[in-house]
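I have placed the structure first, in the form of structure tokens, so that the comments after it can refer back to it.
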Amino acid sequence: MKRTAIFIMVVVLLLQVVVGCESNKTTEQVQTKQYADFTFDVKPETFEVFVERDGVKESASEPMPARKVTNVQKGEQEITWSYPDDQLDVSIKKKEEHLQITLISTGTESFSWPTVKGSSYMLPLGEGKWIPADDSKWQSFLKEESLSFAESFSMRFFAVNKSEYALMYVVDNLFNNTVDFAVDPTIAFTFSHEFPTINPDKTYGFRLYVTDNDPVSVAGVYKRYVKEQGELLTLAEKAKANPNIEKLYGAPHFYLWNKSFLSVDDVKWNALKTKLNENFIRALEQILASNGEDGKESIQQFREIQKQDYVADYQKKAILSGLNYAMRSCELYNPKVFTNVDEKAKELIGKGIGSLTESQLYDLNKRLLKSVLQNVVPPVEQWGNADSTDLLKEMKAAGIDQAWIGLPDWTAAYMKPAFIQQANETGYLIASYDSYHSIHKEENPDWNTAIFKDKSLYENATISKKNGEKKAGFLQQGRLLNPTLSLPSVKQRMEEIMSNDVAFNSWFIDVDAAGDFNDDYSPQHTTTEAEDMRAKLARMDLIRDEKELVIGSETGNDFASRSIAFAHGIETPVIKWADPDMRKNKQSPYYVGGYWSPAGEIPERYTKQVPIKEEYRHVYIDPAYSLPLYKLVYNNTVITSHHWEWASLKIKGEVGTRMLKELLYNVPPLYHLDKKMWDAEQQLITNYLKVWSPFHKKAVQHEMADYRVLSEDRLVQKAVYGDDLQVIANFSEQDFTYEGQVVKARSALIINGNDKQTFLAPSE
């Protein structure tokens, strides 16, 4: 902001503090240089704060329009004042290493401070970004952008690079904050805080640190702050409670898509029509009528193949879709249709269809279908093996000894419990995707996380805005469930899932670690963002502790770092959600694909390889603008990977770059697999894992001890883990010599003690 009035008061406090030095004897701690003495002064009428270190004076906050100031009080180490027109009190107190700045509302509903400007910024957007203030692509990307601080910033700070040092704000109150960017003539941003009427906490504020102008120093300051708050819990400490956490060391992450009973290879297609009697088809018609256009298409193809001496691929998909849908129905059994069932089916029928668990129902329905199709399909125990148990055997045989496996939901486990058991026996972690974010009024088996047994929740436990309207759920479907009222349903769901004889040893909970907090203005269950956060942590902790599962969640912002062991989304978040070329325009080369998939295949959204626009490549992918801020604090605390929409192979032309970055930043690659994808990508994946897995297994057990940019174009970077493990990544097209060692173009040099290994990124 520009100065709009003559200053009516200048208060100068010259306070010098000698700060003790930390030992630099070990690289087992993130290194930071000594704090230097600094002084500050402040102009209350414009709330402009100045800091001076080593004779260099900088503005820590841009001036606001001048306003009336009262109640100025100053002491040896602090100053306080009031803005009567804004109904706000301000306090600034010098501590040993920082300024403590506190703003207290005496009536105002919101306030915006500070506005900061610098030559560049170090921001924990996801893993971390270095943003030059005059960069045109960043300016375009951030123009008029307003971000939720709790959701968009993975850690509670932002750092502004000045000429000789950095000014770092650590945010005291995580909730009800937004960051608004301006880009003309260069990038600047303003931090704003809302004081909700329902929240008795009327304060927000910052610790303002003066530190060296590099990410290692900034991360070191923040890490000490986290330790001071008692919030740092390492993986080794977490593994004392659950040793299965150690299975994450050296483990790539896979989503396996075996969400169907029958696969195309399970059916003898030429013989199928000989088994489709009229009674059976009519029974299917009644069930598939509830599946909309897909159900109609399935029935049509059942009829069409009766007239043909072949079955086309599109017909196979439609028929499998229909059969797989019907086998999830509790209305499939009809004694007039299924007259020749086996003994196991008779036993299950005898228990009463309504009393069966979901896995028992699926077992029955498979046996019912087998009784009709007979030798057209294999024994039910072998259904879907290609994308499940057989795939696990091939992964193990290919040398993948450790892996985290995620399922799109728990029904895949009910379809084939033996698959979950085999994953356990193979030594892998296996989890289901789960969510307690959205709740739907109407049941949809394809969105089972939004279905709850307690039907009163939709009206009585959903979040209201200030105006009384209900907040919509994901994709504007349904409503948002208030997490403070969710625990009984969480317990009920988990008890039901784990009683279905499925041996999960891990669990993935969507959204809970993403910083998506909400105030709920419902009079019956008023809830603040802080209470929302605590409830989300409580339900993750409940699942983790009561079921002894290795917990992960979306994004993994650091408020959840004690609760989770892994996270998906910090390394590559969802890229520009609102861009219609990526989400709506199916003719665009950038269209990422839809969620729907025929016959249980991997949805196009996860398999379709697409390029991204140059602006997004610059912002999200280009290593020149990336910083390992999160890793410098939490490398041996939380294992972070990509969002599942942007898996390691998703971005055309960037697979090699992302491999190098996964090595540099010690990030597990994330893949979507079924038999078809495994056959296509096995060699690429396994060749990479031979290098990545042993590196990660060691690196993840240490802190990231150092990080350096080695080249002027920022395309050669070095990371150090512990005392004797380092990796130098050369993202450029030219060889680079570092300390007498040639690091080849598009390669990573791994130095493990006296051993050296080079990984060459594949060409695309």
Side-chain angles (χ1 to χ4, degrees), residues 28 231-256 392 395-396 398-407 420-432 498 502-509 513 540-541 543-553 556 558 560-568 570-571 630-631 633-642 662-663 665-671 685-686 688-705 719 721-725 727 750 752-753:
E28 195 61 26
E231 296 177 359
L232 198 70
L233 190 66
T234 66
L235 289 165
E237 291 169 320
K238 295 172 186 177
K240 291 177 182 177
N242 187 347
N244 273 339
I245 284 174
E246 294 181 356
K247 293 180 180 179
L248 289 169
Y249 304 170
H253 292 209
F254 298 95
Y255 279 96
L256 262 58
L392 289 180
M395 291 167 62
K396 185 71 172 181
I400 301 176
D401 294 323
Q402 307 255 104
W404 179 88
I405 295 173
L407 303 181
I420 312 303
Q421 184 61 42
Q422 183 174 324
N424 265 275
E425 294 171 357
T426 305
Y428 297 162
L429 290 171
I430 186 158
S432 173
M498 302 304 280
V502 287
F504 287 115
N505 53 16
S506 182
W507 208 247
F508 183 85
I509 307 169
M540 287 193 290
D541 291 350
I543 296 172
R544 178 196 65 194
D545 297 338
E546 288 197 1
K547 302 305 176 185
E548 298 182 335
L549 301 175
V550 177
I551 294 292
S553 186
D558 77 335
S561 67
R562 290 181 62 91
S563 294
I564 59 176
F566 67 96
H568 294 162
I570 274 186
E571 303 305 330
Y630 194 94
K631 281 291 187 293
V633 180
Y634 291 109
N635 179 71
N636 63 339
T637 297
V638 180
I639 295 172
T640 57
S641 188
H642 313 290
E662 286 165 353
L663 282 166
Y665 284 11
N666 189 38
V667 170
L670 187 146
Y671 307 105
I685 291 171
T686 54
Y688 177 52
L689 292 181
K690 288 174 184 176
V691 177
W692 179 87
S693 288
F695 171 79
H696 181 269
K697 193 166 189 175
K698 181 175 181 178
V700 77
Q701 298 183 66
H702 299 281
E703 293 180 323
M704 180 185 275
Y721 298 90
D723 292 322
D724 62 350
L725 181 62
V727 55
I750 299 170
N752 184 5

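Atom-to-atom distance recorded for E703:CD and L232:CG is 7.5 Å, nearest 0.5 angstrom. Separation of atoms CZ (F504) and CD1 (I420) is listed at 4.5 Å; rounding is to 0.5 Å. Atom OH of Y428 and atom CE of M395 lie 4.5 Å apart (nearest 0.5 Å). Within the model, atoms CD1 of I564 and CZ of F508 stand 9.0 Å from one another, a figure rounded to the nearest 0.5 Å. Here CD1 of I551 is found 9.0 Å from OG of S563. Values are rounded to the nearest 0.5 Å. One finds the CE atom of M704 at 10.5 Å from the CG atom of L725 (value rounded to the nearest 0.5 Å).
Defined by atom type and a distance below 3.5 Å, a donor-acceptor pair is missing between the side-chain atoms of E571 and S641. Under 3.5 Å, the side chains of N666 and N635 contain a donor-acceptor pair of N or O atoms. Using a 3.5 Å distance cut-off with no hydrogens or angles, the side chains of T640 and K631 do pair a donor with an acceptor. With 3.5 Å as the limit, one finds a donor-acceptor pair spanning the side chains of H568 and Y255. Using a 3.5 Å distance cut-off with no hydrogens or angles, the side chains of N636 and T234 do not pair a donor with an acceptor.
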Trace of the ring pair (Phe, Tyr, Trp, His ring centres under 6.0 Å) decision for F566 with W404
CA-CA 10 Å; F566 67 96; W404 179 88; 5.2 Å; yes

side-chain contact (heavy atoms from CB on, under 4.5 Å) for V638 and L235? Distances and angles first, verdict last.
CA-CA 7 Å; V638 180; L235 289 165; over 6 Å; no

Residues E662, H642; criterion side-chain hydrogen bond (donor to acceptor under 3.5 Å, both in side chains); working and verdict
CA-CA 10 Å; E662 286 165 353; H642 313 290; 2.8 Å; yes

Using the side-chain contact (heavy atoms from CB on, under 4.5 Å) rule, take K698 and D724 through it: C-alpha gap first, then chi angles, then the decisive distance, then the call.
CA-CA 10 Å; K698 181 175 181 178; D724 62 350; 3.1 Å; yes

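Under the 4.5 Å side-chain criterion, counting only non-hydrogen atoms from C-beta, F695 is in contact with V727. Here the side chains of I405 and L429 are not in contact, with every heavy-atom distance at 4.5 Å or above. Within the 4.5 Å cutoff, side-chain heavy atoms of Y688 are placed close to those of L663. Looking at heavy atoms from C-beta onward, R544 lies out of side-chain contact with L549 at the 4.5 angstrom threshold.
The minimum heavy-atom distance between P668 and H253, with the atom names listed, is CB-CD2, 3.7 Å. Here the closest non-hydrogen pair linking Q421 and A503 is OE1-CB, 3.4 Å. Minimum interatomic distance between A251 and W692 (heavy atoms only, all atoms of both residues): O-CH2, 3.5 Å. The shortest non-hydrogen separation linking Y249 to A236 is OH-N, 4.0 Å. A239 and E246 make their closest contact through CB-CG, 4.0 Å (heavy atoms, listed as atom of the first residue, atom of the second, distance). Minimum interatomic distance between I400 and F254 (heavy atoms only, all atoms of both residues): CD1-CZ, 3.9 Å.
No donor-acceptor distance shorter than 3.5 angstrom exists from the side chain of N424 to the backbone of N505, with no hydrogens or angles considered. A donor-acceptor pair is defined here as one N or O able to donate and one able to accept, closer than 3.5 Å; such a pair exists between the side chain of Y630 and the backbone of G556. Formation of a donor-acceptor pair under 3.5 Å by the K238 side chain with backbone atoms of T637 is found in this model. Checked by atom type and distance alone, the side chain of S506 never pairs as donor or acceptor with a backbone atom of A431 at under 3.5 Å.
Ion pairing between E237 and R562 fails under the 4.0 Å rule for side-chain N and carboxylate O. At a threshold of 4.0 Å, the pair D401-K247 does not count as salt-bridged, since none of the basic side-chain nitrogens sits closer than that to a carboxylate oxygen.
No more than 12 heavy atoms of other residues, nucleotides or ligands lie within 6.0 Å of NZ in K697, so this atom counts as exposed by the packing criterion.
For the pairing with I639, the side-chain contact (heavy atoms from CB on, under 4.5 Å) check across I245, L248, V667 returns one residue only, L248.
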